[in-house]
Amino acid sequence: MRRAEDTGAYAPADEAERLLSRAVSLATPRDPARAEYLSNLGRVYRDLFHRDRDVAMLGNAIAAHREALTATRDGDPARPLRHFNLGNVLAEKHEHAADRAALDEAVSHLRAAARTVPAGSRHRPMYLATAGTALCEASELNGNDALFAEGVALLREAVASAAPDDPRWPGYLRNLGNVARTRYLRTSEPAARDEAIDAYQRAAAAAPAADPDRLANLRAAMTMTVLRAEDSKEAGHIGQAAKILGEVLAMLPPDAADRAGALTLQGRVATLRFQLTDDPADLTAAAASYRQATSATLDPVELRKIHAALGSVLWTHYERTGDPAGLDEVIAAARQASYRPPGGGAPTEDNLTLLAIALTEQHRHTGEQVLLDEAIATLRRAAEVADPSRRPVAWSNLAEALWEGSRQRQDPRMLAEAVGLLRDSVRSTRPDDRRRPDFLGHLCRALAEMFGWTGEQADLDEAIAAGRDAVVEARASGTDQVLGLTNLTAALTRRFEHYGDAESLDEAIDTLRQTEADPPASPRERATVLVSLGNALVIRFQQAGETADLDESVTSLRAAADQLPAGHPDRPPMLGNLGGVLLLSARARRDAAAAGAAQARAAH
């Protein structure tokens, strides 16, 4: 029988079952050996169940162990073992048949084994760990926090009481890590997460370098350390996650089924590090990990997720550099993320939106109308599949593409559709919704554009009202003001240009100046605000002739160009704009000097 348990070769179990059944039948109820025969017979029945998957054998095992326990008097040194054996087969019944009553009874017997085993017994850590694991499982099913606390306490005691050379010690740590992880995933308690990480790492450290258990424990620690890094965004946690990921990837065979998953986690960690350091090298590392991950799996669902992550990282890189050469790969990744394989689910709104935004940006560089048309069609699909809570965002994104299309094609119908969608987005969100300022900012721009078609003052007034609301609500919620600011100032400037309303131009300039106290985080957005301010100051100079406005305009436009790296495609037009204002300033100063000289001559 022991050979069968140790080797998994169960042929001797048939003979053991016959012999032990005969021994039980011959032993009298008072025979002190009968309980041992029954206990051994229960173990044989369990072996036969493992061999044949015959549920009747599991029932026989439970009956034999139950009778063995009954035949063992209280105080007998073997009684803890009887509880332990019966608890184990009952737990196995629950595992096989989802029998809650069997699990509850298993918990009772395993708890009794843990409580009655002598303190110095070499079996004590095993009894404690087994009881602790069962209690935690029961607590998850019953929602009983007291059971969970008791189970964790027993697991901790098992870890603390096991000898350092106990071969089961890493397993106790693994069990402790598993229940702590389960608790964290259910409650998001940081203490549970940290305990899981500590247990997995200690279990991994206790195993030899080439032991498969070491890799298994490192994998478990890997996932939890990435979750902690994403929760805390602390450099130390990010570094620890990266270190464990490196160990796991070094141990995984090239064709390992979960290699793609580990590479994807590595990409996530590199992205986190970039968010902390703002170092482009971290973005490059993230993209490299995701590219490797796409080659490590053929699963279409997993591939879509990896391509979505790759596209997002590449888009962030594009936003920083403005280099259109990178857009082709963004579009390719977003297309793969939006692909619907046979039998697969519909693409998500996020993936479709990334594809559409990249197509729109590529259109901005190339002028190819087909790219914008595809972007609009893609955003219509995104609006269709969007969750109701996300639909206002999807409408706003579609409106932006329609606005661009109306400008390209001079089609007021597209612009009217954009205005309608943006009004719907605003109406569908509460004033305290952090997304609402962006919807208002887009609506401001679209209505100001509509005024250019209709000449209706109501359109321009509504645009300005929407822009003001966008700025006020963005400041109140602590969200980005740039969209509202730039579109409001453009609408106010348009009203000045159309109606000669100088107060509107002053409001535009004052509104932009207010951002100096709380500038946008993004260099590109800071540049956008500074350009808007510089242009508005030039317009006011042309109206009022104050050279101080020109001087401030030069300062703003120069600062705007300095926000962007030398190779950024938006920088040359900014420098060209600055050059034009410098020429205007020089001409104004020359004219002022000539006028002053003429006045001086006239006075003499």
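- Closest approach of Gly311 and Val330 over heavy atoms only: O-CG1, 4.0 Å.
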- Task: Show your working on salt bridge (charged side-chain N to carboxylate O under 4.0 Å, His left out) between Glu36 and Arg82 and close with a plain yes or no.
- Result: CA-CA 9 Å; Glu36 186 67 21; Arg82 304 285 187 258; 3.2 Å; yes
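- In this structure, the side chain of Tyr200 engages the main chain of Gly177 through a donor-acceptor pair within 3.5 Å.
- Between His96 and Phe49, the ring planes are perpendicular. Angles over 60° get that label, and only those under 30° would be called parallel.
- Electrostatic pairing of Arg186 and Asp145 counts as a salt bridge here, judged by a charged N lying under 4.0 Å from a carboxylate O.
- Residues Ala68 and Ser39 share a closest heavy-atom pair of CB-N, 3.7 Å.
- Residue Glu195 is tested with Arg156, Arg183, Arg181 for a side-chain hydrogen bond (donor to acceptor under 3.5 Å, both in side chains); the sole match is Arg156.
- The two residues Arg434 and Gly478 come nearest to each other via the heavy atoms NH2-O, 4.2 Å.
- We find the NE2-CG distance between His237 and Leu272 to be 12.5 Å, quoted to the nearest 0.5 Å.
- Remark: the backbone N or O of Pro29 is not paired with any side-chain donor or acceptor of Arg34 at under 3.5 angstrom.
- Put simply, the side chain of Thr294 gets close to the backbone of Arg291: a donor and an acceptor are under 3.5 Å apart.
- Using a 4.5 Å heavy-atom threshold, the side chains of Arg304 and Gln336 count as separate.
- What you find for Ala16 and Val44 is that their closest heavy atoms are CB-CG2, 3.9 Å.
- In this structure the side chain of Ser428 reaches within 4.5 angstrom of the side chain of Trp395, judged on heavy atoms.
- For the pair Asp211 (side chain) and Ala207 (backbone), a donor-acceptor distance under 3.5 Å is absent.
- Side-chain atoms of Thr225 come within 3.5 Å of backbone N or O of Ala221 as a donor-acceptor pair.
- Other residues, nucleotides and ligands contribute over 12 non-hydrogen atoms within 6.0 Å of the CG atom of Leu26.
- Separation of atoms CZ (Phe148) and CG (Leu135) is listed at 10.5 Å; rounding is to 0.5 Å.
- Asp350 and Thr353 are not linked by any side-chain donor-acceptor pair at a separation below 3.5 angstrom, with hydrogens and angles left out of the test.
- With a 4.5 Å cut-off on side-chain heavy atoms, Arg335 and Leu359 count as touching.
- When atom types are taken as modelled, the side chain of Ser312 and the backbone of Ala308 share no donor-acceptor pair closer than 3.5 angstrom.
- Put simply, the side chain of Asn217 gets close to the backbone of Asp213: a donor and an acceptor are under 3.5 Å apart.
- Under the 3.5 Å distance criterion, with hydrogens and angles disregarded, a donor-acceptor pair is assigned to the side chains of Glu92 and His50.
- Of the charged side-chain nitrogens involved, at least one lies within less than 4.0 Å of a carboxylate oxygen, so that Glu247 and Arg214 count as a salt-bridged pair.
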- Task: Tell me, with the steps shown, if Asp282 and Arg320 meet salt bridge (charged side-chain N to carboxylate O under 4.0 Å, His left out).
- Result: CA-CA 13 Å; Asp282 291 325; Arg320 286 180 57 86; over 6 Å; no
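- Side-chain contact between Arg51 and Leu48 is present, with at least one heavy-atom pair separated by less than 4.5 Å.
- Ion pair Asp424/Arg391 not flagged as a salt bridge, since none of the NZ, NE, NH1 or NH2 atoms sits closer than 4.0 Å to an Asp/Glu carboxylate oxygen.
- Of all the heavy atoms in Pro125 and Ala158, the pair that sits closest is O-CB, 3.3 Å.
- In this structure, Leu69 and Asn85 have side chains that are not in contact, with every pair of non-hydrogen atoms separated by 4.5 Å or more.
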- Message: Please determine whether side-chain hydrogen bond (donor to acceptor under 3.5 Å, both in side chains) holds for the pair Thr348 and Asn351, giving the CA-CA distance in whole Å, both sets of side-chain angles, and the decisive distance to 0.1 Å.
- Response: CA-CA 5 Å; Thr348 66; Asn351 294 343; 3.2 Å; yes
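- The line from CG of Leu245 to CZ of Arg268 is 9.5 Å long, rounded to the nearest 0.5 Å.
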- Step-by-step salt bridge (charged side-chain N to carboxylate O under 4.0 Å, His left out) determination, Arg273 to Asp279: CA-CA 8 Å; Arg273 192 164 48 222; Asp279 185 347; over 6 Å; no
- Task: Show your reasoning for whether side-chain contact (heavy atoms from CB on, under 4.5 Å) applies to Tyr172 and Leu155.
- Result: CA-CA 7 Å; Tyr172 304 154; Leu155 281 165; 5.7 Å; no
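- In this structure a side-chain-to-backbone donor-acceptor pair under 3.5 Å is present from Ser289 to Ala285.
- Asn144 contributes a side-chain N or O that, together with a main-chain N or O of Ala146, makes up a donor-acceptor pair within less than 3.5 Å.
- Side-chain contact between Tyr290 and Leu263: absent, with no pair of heavy atoms (C-beta onward) separated by less than 4.5 Å.
- Within a 6.0 Å radius of CD in Glu95, other residues, nucleotides and ligands contribute 12 heavy atoms or fewer.
- By the 4.5 Å heavy-atom criterion applied to side chains, His123 and Leu81 are not counted as neighbours.
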- Query: What do the steps show when you test His83 against Leu110 for side-chain contact (heavy atoms from CB on, under 4.5 Å), and what is the final call?
  - Reply: CA-CA 6 Å; His83 279 296; Leu110 292 170; over 6 Å; no
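- The shortest side-chain heavy-atom distance between Thr264 and Lys305 does not fall under the 4.5 Å cut-off.
- Atom OH of Tyr45 is separated from atom CD of Glu17 by 4.5 Å, given to the nearest 0.5 angstrom.
- Here the straight-line distance linking atom CH2 of Trp169 with atom OG of Ser161 works out to 11.5 Å at 0.5 Å rounding.
- Side-chain contact of Asp387 with Ser389: a donor-acceptor pair under 3.5 Å is present, judged by distance alone.
- A donor-acceptor contact closer than 3.5 angstrom links the side chains of Gln201 and Gln240.
- Scanning all heavy atoms of the two residues, the minimum distance from Pro347 to Arg381 falls at CG-NH2, 3.4 Å.
- The backbone N or O of Leu86 lies less than 3.5 Å from no partner atom in the side chain of His109, so there is not a single donor-acceptor pair.
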- Message: The test is side-chain contact (heavy atoms from CB on, under 4.5 Å); show your working for Val152 and Cys136 and say whether it passes.
- Response: CA-CA 7 Å; Val152 170; Cys136 289; 4.0 Å; yes
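- A salt bridge links Asp231 and Arg193; the closest N-O separation between the charged side-chain nitrogens and carboxylate oxygens is under 4.0 Å.
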- Query: Stepwise, does the salt bridge (charged side-chain N to carboxylate O under 4.0 Å, His left out) test hold for Arg111 with Glu150?
  - Reply: CA-CA 10 Å; Arg111 181 191 272 145; Glu150 182 184 356; 2.9 Å; yes
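- In this structure, Arg53 places its CZ atom where more than 12 heavy-atom neighbours from other residues, nucleotides or ligands lie under 6.0 Å away.
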- Message: Under the criterion side-chain contact (heavy atoms from CB on, under 4.5 Å), I'd like the reasoning laid out for Val179 against Glu137: C-alpha separation, chi angles, the key distance, then a yes or no.
- Response: CA-CA 8 Å; Val179 299; Glu137 184 176 358; over 6 Å; no
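- The line from CG of Leu355 to OG of Ser338 is 5.0 Å long, rounded to the nearest 0.5 Å.
- Partner of Glu105 under the salt bridge (Lys or Arg N to Asp or Glu O under 4.0 Å) criterion, chosen from Lys93, Arg66, Arg100: Arg66.
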